[in-house]
**Q** 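Would you mind keeping the following structure in view while I ask a few things?
Along the sequence shown, the residues carry numbers beginning at 1. This is a predicted model, so every value here is computed, not measured.
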Amino acid sequence: VVVAPSIRADAARDIVDRVIAPGYGHVVVGGAERQDSVAAGIAALAEADAGGALNVVLIHDAARALTPTAVFDRVAERVRASGAG
């Protein structure tokens, strides 16, 4: 799920469709505060994950947009190993 400001939502959808796969990723509009945007993203995940398959959710901000995917993999694995996931 990508959370974007309303003025950037269409551009975010174009990027998600190009980078991930058309129709696979979700783009939702964020809120006035970061916590509102996080809540919108989590709500979209809950809706998309009706079967309960997700076990780890990571929140990432655009300030570190070029973080290597290996970092996310390591963080998710540590969350799972800790039993918090």
Side-chain angles (χ1 to χ4, degrees):
V1 171
V2 174
V3 181
S6 60
I7 63 170
R8 302 270 189 253
D10 289 338
R13 281 185 195 91
D14 291 342
I15 293 168
V16 167
D17 286 349
R18 205 170 349 113
V19 173
I20 298 175
Y24 181 73
H26 299 283
V27 175
V28 296
V29 174
E33 303 291 333
R34 184 170 194 253
Q35 66 191 26
D36 301 322
S37 297
V38 170
I42 290 173
L45 281 174
E47 185 177 314
D49 187 42
L54 291 175
N55 59 11
V56 174
V57 175
L58 303 177
I59 309 298
H60 181 264
D61 61 19
R64 292 160 204 76
L66 299 177
T67 303
T69 57
V71 172
F72 299 105
D73 293 338
R74 284 195 309 269
V75 171
E77 184 53 41
R78 288 184 182 152
V79 169
R80 287 184 195 101
S82 75

**Q** Keeping to residues at least two apart or across chains, list the side chain to side chain donor-acceptor pair (under 3.5 Å) pairs with something in residues 28-40.
**A**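 As it turns out, there is no side chain to side chain donor-acceptor pair (under 3.5 Å) pair with a partner in residues 28-40 once direct neighbours are skipped.
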**Q** Considering residues at least two apart in sequence or located in another chain, which fulfil the salt bridge (charged side-chain N to carboxylate O under 4.0 Å, His left out) criterion with D14?
**A**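 Salt bridge (charged side-chain N to carboxylate O under 4.0 Å, His left out) check on D14 returns nothing, list empty.
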**Q** Would you give me the side-chain donor-acceptor pairs under 3.5 Å for residues 57-79, sequence neighbours excluded?
**A**
from : atom 1 : to  : atom 2 : distance (Å)
H60  : NE2    : R64 : O      : 3.0
H60  : NE2    : T67 : OG1    : 3.4
D61  : OD1    : R64 : NH1    : 2.8
D61  : OD2    : R64 : NH1    : 2.7
T67  : OG1    : R64 : O      : 2.7

**Q** How far apart are the closest heavy atoms of V3 and G30, and which atoms are they?
**A**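 Minimum heavy-atom separation between V3 and G30: CG1-CA, 3.4 Å.
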**Q** Would one find more than 12 heavy atoms of other residues, nucleotides or ligands at under 6.0 Å from atom CZ of R13?
**A**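 Enclosed: over 12 neighbouring heavy atoms sit under 6.0 Å from CZ of R13.
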**Q** Using the rule that Ile, Leu, Val, Met, Phe, Trp and Tyr join whenever any side-chain heavy atoms are under 4.5 Å apart, tell me whether V16 and V1 fall into a single cluster.
**A**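 No, V16 and V1 fall in different hydrophobic clusters.
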**Q** I need the minimum non-hydrogen distance between A12 and V2, along with the two atoms involved.
**A**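 Taking A12 first and V2 second, the nearest heavy atoms are CB-CG1, 4.4 Å.
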**Q** For residues V27 and A9, report the shortest heavy-atom separation together with the two atoms involved.
**A**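 For V27 versus A9, the nearest heavy atoms are CG1-O, 3.9 Å.
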**Q** Can you name the closest pair of heavy atoms from P5 and V29 and give their distance?
**A**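 What the structure gives for the nearest pair is C-CG1, 4.5 Å.
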